[in-house]
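A quick write-up on the structure given underneath.
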Amino acid sequence: MSGGLRVDVALGDRSYPVAVGHGVAGQLPALVPPGARRAAIVTQANIAFADRVDPRIEHRRFEIGDGEAHKTLTTVEQLCRQFSQWGLDRNDVVIGVGGGLVTDVAGFAAAVYHRGIPVVHVATTLLAMIDAAIGGKTGVNLPEGKNLVGAYWQPSAVICDLDALHTLDAREMACGNGEMAKYHFLTGEDLLALPLAERVARCVAIKGEVVAADERESTSNPRGRALLNYGHTLAHALESAGHYDMRHGEAVAVGLLYAAELACVLGRIDAGRVARHREVLGVYGLSAALPAWAESDVLIERFSRDKKAVHGTTFVLDGPDGLEVVAGIERAALDAAMSRMERS
Ligand SMILES: NC(=O)c1ccc[n+]([C@@H]2O[C@H](COP(=O)([O-])OP(=O)(O)OC[C@H]3O[C@@H](n4cnc5c(N)ncnc54)[C@H](O)[C@@H]3O)[C@@H](O)[C@H]2O)c1
Ligand SMILES: [Zn+2]
């Protein structure tokens, strides 16, 4: 195999390698499961990097639409029907080439097609490289909410070829930084001090370790996979209330500051620690202000529908011992934290 970095996600007999670096897409043929005769490449029309992806077995390209409105069961049905018409069988492989939307949809289609066929992800956005393509959560949206239907389906391998990022615009890079800021608070590391390849590999390793310890996000583990939802409760509400005009990583940035304000209202952290959140988000080039259209009541109403809610409203919050899952948060605290947020 040619250079680059390699991180392993340790899940016993379902462990897999993640290749990170410039040009690592060249490793794809070696990472395709040995029995596969055909590869269904799932991508989007505007992802030029897909032309550089060659599994060196018979393959065909299947394009899905761009934007959260296409992250649906209908898209998955269309893909599965196209796979079937082509004759893809259960020993073959799906290759998702794209951002988190493509890897979520391709992964879910692979999870359900013939009750599950192998999938390899070639992540082409920073967000997909450090988060979405790693860890085996796949799924689609319903009109009632984001990611409400899905499956755990681990990939056989993930490729994070940094060459793909050359065509990614600044807004999408900022979105990746939103998730990166999340890892920053999870471990307290200064990830920006690392060169890009090492930074991406470190994020992959952080996520991989959390996933390896708690693959299916058990609700009884307050320091398990659920911690990866830091900043996400408000983020999901913002995304769905705004009909997905806000990008996921942008919404996560706002959600991180709201979670910090909420932790402060609850006396878990002090104002200095909230200020530190604002500062880190600034260093990552992110805005932490609530968009002007967002109504506090509407957002709070949506929290209670968040699929992570266990008893009352549940948030991942910072505290004296770091991040943990906190259940049963009262409405008054949610309102108080909301009133502390800046508006753009
Ligand atoms: N499964 C998980 O664990 C997990 C984690 C985080 C996010 N997600 C999901 O990921 C999705 C967000 O992913 P995203 O931020 O990558 O968005 P995305 O997949 O929608 O991609 C953003 C845009 O960038 C384009 N694009 C992709 N690669 C490109 C490239 N190399 N050059 C130029 N343009 C390119 C896409 O076509 C799209 O227009 C959400 O649906 C979210 O729910 C899943
Ligand atoms: Zn996320």
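Just so you know, ligand 1 is whichever comes first in the structure, and atom 1 is the first atom listed for that ligand. What you are looking at is a predicted structure, and each value in this text was computed from that prediction instead of being measured.
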- Does ligand 1 have a heavy atom under 4.0 Å from the side chain of Ala132, from its backbone, from both, or from neither? both

- Message: In terms of relative ring orientation, are His184 and Tyr284 parallel, tilted or perpendicular, with 30° and 60° separating the classes?
- Response: perpendicular

- Using heavy atoms and a threshold below 4.0 Å, how should the contact between Leu168 and ligand 1 be classified: side chain, backbone, both, or neither? both

- Item | Flag if over 12 foreign heavy atoms under 6.0 Å of CZ, Arg90 | no

- Is Asp214 reaching over with its side chain to a backbone N or O of Ser218, donor-acceptor style, under 3.5 angstrom? yes

- Check: Thr72 main-chain N/O paired with Asn141 side-chain donor or acceptor under 3.5 Å: no

- Can Arg268 and Asp318 be counted as an ion pair, charged N to O under 4.0 angstrom? no

- Minimum non-hydrogen distance to atom 16 (O) of ligand 1, winning option of Val211, Thr125, Thr167: Thr125

- Message: Tell me whether Gly100 has any N or O atom under 3.5 angstrom from an N or O of ligand 1.
- Response: yes

- Identity and separation of the nearest protein heavy atom to atom 19 (O) of ligand 1: Leu101 N, 3.0 Å

- Of the backbone atoms (N, CA, C, O) and the side-chain heavy atoms from C-beta on, which set of Asp169 has a member under 4.0 Å from an atom of ligand 1: side chain, backbone, both, or neither? neither

- Task: Number the atoms of ligand 1 from 1 as they appear, then name those within less than 4.0 Å of a heavy atom of Gln44, with their elements.
- Result: 36 (C), 37 (O)

- Just distances here: any N/O of Arg225 and N/O of ligand 1 closer than 3.5 Å? no

- shortest atom 40 (C) of ligand 1-to-protein heavy-atom contact is with Glu68 OE2, 3.1 Å

- Query: Are the side chains of Thr233 and Val316 in touch, meaning some heavy atoms are under 4.5 Å apart?
  - Reply: no

- Message: With heavy-atom distances below 4.0 Å as the criterion, list the atoms of ligand 1 near Glu172.
- Response: 22 (C), 23 (C)

- Query: Is it the side chain, the backbone, both or neither of Asp66 that has a heavy atom closer than 4.0 Å to ligand 1?
  - Reply: side chain

- Query: Between Arg278 and Glu261, is there a salt bridge with N-O shorter than 4.0 Å?
  - Reply: yes

- Item | Pair Asp51 + Arg61: basic N to acidic O under 4.0 Å | yes

- Query: Can Arg331 and Asp297 be counted as an ion pair, charged N to O under 4.0 angstrom?
  - Reply: yes

- Message: Ring-plane angle category for His277 and Phe185, please: parallel below 30°, perpendicular beyond 60°, tilted otherwise.
- Response: parallel

- Query: Among the heavy atoms of Lys207, does any lie under 4.0 Å from an atom of ligand 1?
  - Reply: yes

- Message: Within the supplied structure, the quantity of interest is the number of heavy atoms (other residues, nucleotides, ligands) at a distance under 6.0 Å from Arg343 CZ; does it exceed 12?
- Response: yes

- Query: So, Arg37 and Glu58, do they make that salt bridge, N to O below 4.0 Å?
  - Reply: no

- Message: As a check for students: among His248, Arg247, His232, Lys71, identify the option with a heavy atom nearest to atom 17 (O) of ligand 1.
- Response: Arg247

- When you look for heavy atoms under 4.0 Å from ligand 1, do you find them on the side chain of Asn46, its backbone, both, or neither? side chain

- Query: What atoms of ligand 1 come within less than 4.0 Å of a heavy atom belonging to Gly99?
  - Reply: 16 (O), 19 (O)

- Task: Return the residue, atom name and 0.1 Å-rounded distance of the protein heavy atom closest to atom 6 (C) of ligand 1.
- Result: Asp131 OD2, 3.6 Å

- Item | Under 3.5 Å: donor-acceptor pair, side chain of Tyr183, backbone of Val204 | no

- Output yes if Glu179 passes the N/O/S-under-2.8 Å test against the Zn ion (ligand 2); output no otherwise. yes

- Is the closest heavy-atom distance from Ala164 to ligand 1 below 4.0 Å? yes

- Hey, looking at atom 44 (C) of ligand 1, which of Thr124, Asp104, Thr138 has the closest heavy atom? Asp104

- Message: Give me the nearest non-hydrogen protein atom to atom 43 (O) of ligand 1 as residue plus atom name, then the distance to 0.1 Å.
- Response: Lys146 NZ, 2.8 Å

- Query: Among Ile130, Leu127, Val252, Asn141, which one has a heavy atom closest to atom 12 (C) of ligand 1?
  - Reply: Leu127

- Message: Please tell me whether Tyr16 and Gln154 have a donor and an acceptor in their side chains that are separated by less than 3.5 angstrom.
- Response: yes

- Angle at the Zn ion (ligand 2) (to 10°), with one arm to NE2 of His248 and the other to NE2 of His232: 110°

- When you look for heavy atoms under 4.0 Å from ligand 1, do you find them on the side chain of Asn147, its backbone, both, or neither? side chain

- Query: Taking both backbone and side-chain atoms of Ile134, is any N or O found less than 3.5 Å from an N or O belonging to ligand 1?
  - Reply: no

- Message: Side chain, backbone, both or neither: which applies to Ile47 and ligand 1 if a contact is any heavy-atom pair less than 4.0 Å apart?
- Response: side chain

- Query: What do you reckon, does His166 put a non-hydrogen atom under 4.0 Å from ligand 1?
  - Reply: no

- Query: Would you find more than 12 non-hydrogen atoms of other residues, nucleotides or ligands less than 6.0 Å from Glu342 atom CD?
  - Reply: no

